There are 2 protein chains.
Amino acid sequence: MAVRATIYEVARRSGVSTATVSRVMRNGTGFSDATRVRVLDAARELGWVPSGSARGLANRRAGIVGLLFPDFSGTGDAEQESPLYVDQVIRGAERAATSAGDAVLIAATRGSSGRELALSLAGKVDGLVVMARSLTQADVASIARSLPVVVVANRAGRGVDVDSVGVDNRGGVRAVVEHLVGEHGYEDMVFVSGPARSPDSMERFAGFRDALRAAGLPERKSPDASGAFTEAGGARGVQALLAGRRPPQAIICGNDEMAIGALGVLNAAKLKVPGDVAVTGFDDIAATRHIRPQLTTVRQPMRDLGEQAVRALLARVDDPDRERHDIVLATQLVVRRSCGCRPRASSVPNTQGRTAA
Amino acid sequence: MAVRATIYEVARRSGVSTATVSRVMRNGTGFSDATRVRVLDAARELGWVPSGSARGLANRRAGIVGLLFPDFSGTGDAEQESPLYVDQVIRGAERAATSAGDAVLIAATRGSSGRELALSLAGKVDGLVVMARSLTQADVASIARSLPVVVVANRAGRGVDVDSVGVDNRGGVRAVVEHLVGEHGYEDMVFVSGPARSPDSMERFAGFRDALRAAGLPERKSPDASGAFTEAGGARGVQALLAGRRPPQAIICGNDEMAIGALGVLNAAKLKVPGDVAVTGFDDIAATRHIRPQLTTVRQPMRDLGEQAVRALLARVDDPDRERHDIVLATQLVVRRSCGCRPRASSVPNTQGRTAA
DNA sequence: TTGTAGGCGTTATCAT
DNA sequence: ATGATAACGCCTACAA
């Protein structure tokens, strides 16, 4: 382990040329059984592993994809946005990459250092998956000039022409609201949004508006409260909401964390859920099943997001000229107690996954 | 983006040699202000990013560390071991690597493919962090022959001489039991263990035995039940336990997931927690605060594990001859409701972090 | 089946 | 302050 062995030493030790060693390692053909054994033995004895850098240089392909995600922990507030979402996407990306024989490099942008970080990654990878809110649109456009990029949960803006993978946020919220209206007859509903600049959050609110309109209920142009996608934020938002009006029949939250925060506030205010007020979330994190009442929410396939993103990326690395893909994954309504339904939970898919070119 | 630019084109475009371009990019000195601007401009115009492979080859350092972790999702049972733990370690590793200017490559070993995967990573990284249960001891020893390795939550066995980072599992469980005995006067306690071959699980049980002995209570040589570190497993384990004897005063679970499973079974059996039976966990995952009663548990610094592991790894990469380090991080008792304490939760540190050479 | 040799894109060592 | 020019370790025609 002192100093890493090279192909030359393996070649010498096994009495063949480096070309033959290379052939054997690449599982190619063109060598006798005996040589293969000799080479492999020599490699093992020397503890040799082919240098990825040298391979990458020779192949013009590192066999590595990068994943850039935002990390808000420690951003002023002590409260943290749930990391669950990002972690699941990372897992999915890892799975897809590994199964394709590649590896995935991860890096979190904290605050404004995004651009720099992306550049430092760029040289080490064959392509980059960029999660929403980790890079500005301008930076994405800039980076995309140097290497293949796929954006996640953030349909690329007008200027930027890159592949994207996202979920049907809009349809998801529409489905909850339809359930609330159709099954429970609620008419007085409010929406608690996440960070103002989150594409996910904006789409979810759009779904809320769509559903209100479709139901013939009075529309509104902005969310009734907002909570930064955190439990504490959701609590504050709902608190403020309750201070200004009598309780609504239902509170539709932009994600589960905020819904959990809402539950706490309602409980403290002696309001029964779902008796007095119904509450719903979005994401379907594990806590939705542990909390009481169990949370009705919209499940989004976080893992699939990562998988599809990496697949799309690798496809483009292999074929830079293929047409642009914008993948939208289906979400699923998960009915539990907090909306007012009885225990026997059931779930129904509400949208089809679809791919648009 | 068609084909990546190289240092040659940047050199030509800016009218200098490649050596000078290289100097500018490395933030070194030895060039005029004017040339720097010219080079940077050319680079930007061409969308050039230095090739990591070429750099790695020239420097004998990829600037990448690898992280190997086990992934049990989809191992026969539909139930999943909580991914939280691994995710936190990954986050910590990312943070430490990024702040050191490196990147981290992650890969999950599924089933028995570990060795192969490790080898494929080995060439791409400067060193490897290996989490418990992702590789056999033999494989760790083998890999460690080719490059620096740090094991996490798995003090290297006798044969293997590598750095390690872990938490004080033993002291953690000892602290809960001492609390249960000292504050609540329980004497009839049982332990629910995790996977038989998990080093963490074994150490936790050892802490349980230590505490019983120290309290002068009857010892035992094996766990009273086991649950594979999953919620469903914990439920089954406790179910079986209750079928064979009258309820104990307290059930100490090897991790939080199993404790949550236990809570479910006890509830179904009409046993009140903590009135009839006390329950404790280990890890302090988010769900411990959402579940009722809130779970008394032992917090372990999962993120720090990842950070310290990467730090140790980088230190060894820089100095292969430094002495071996075995780092043990402190755990912390977190008292909530499930042990029988009153709401006003408090927490006390129970062990000192310590480093042994 | 096997060997020879040039090239992949940077960095680092000497010169100048 | 800048420029040639060897490495760095592997792959891949092209030969033999």
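Residue numbers begin at 1 in each chain, while the letters A, B, ... track the order of the sequences. Being a predicted model, the structure only gives us computed values, none of them experimental. FYI, side chains are in, hydrogens and waters are out, and symmetry mates aren't considered; it's all heavy atoms of this structure.
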Tell me whether Glu307(B) is salt-bridged to Arg311(B), with the criterion being a basic N under 4.0 Å from an acidic carboxylate O. yes
Where Leu128(A) and Leu313(A) come nearest, the two heavy atoms and their spacing: N-CD2, 3.5 Å
Shortest non-hydrogen contact between Val129(A) and Ala309(A), atoms and distance: CG1-CB, 3.9 Å
If we count only N and O atoms by modelled type, under 3.5 Å, do the side chains of Arg4(A) and Ser51(A) hold a donor and an acceptor together? no
In whole Å, I'd like the distance from the [atom1] atom of [X] to the [atom2] atom of [N].
| X | N | atom1 | atom2 | result |
| --- | --- | --- | --- | --- |
| Lys124(A) | dG9(C) | NZ | P | 19 Å |
| Arg26(B) | dT11(C) | CZ | C1' | 7 Å |
| Ile7(B) | dA12(C) | CD1 | P | 11 Å |
| Arg12(A) | dG3(C) | CZ | P | 14 Å |

How would you give the extent of chain B contacts on DNA chain D, as first and last nucleotide 5' to 3' within a 4.0 Å heavy-atom cut-off? dA1(D) to dG9(D)
Report the residue (Met25(A) or Thr20(B)) whose heavy-atom-nearest nucleotide on DNA chain D is the more 5′ of the two. Thr20(B)
Taking the nucleotide of DNA chain D with the nearest heavy atom to each, does Arg60(B) or Arg36(B) sit closer to the 5' end? Arg36(B)
What is the nucleic acid contact for [X], judged by heavy atoms within less than 4.0 Å: base, sugar-phosphate only, or nothing?
| X | value |
| --- | --- |
| Ser22(A) | base |
| Val16(B) | sugar-phosphate |
| Arg23(A) | base |
| Ser53(A) | nothing |

Donor-acceptor pair, side chain of Asp126(A) and main chain of Val65(A), under 3.5 angstrom: no
Are side-chain heavy atoms of Met25(B) and Ile7(B) found at a separation under 4.5 Å? no
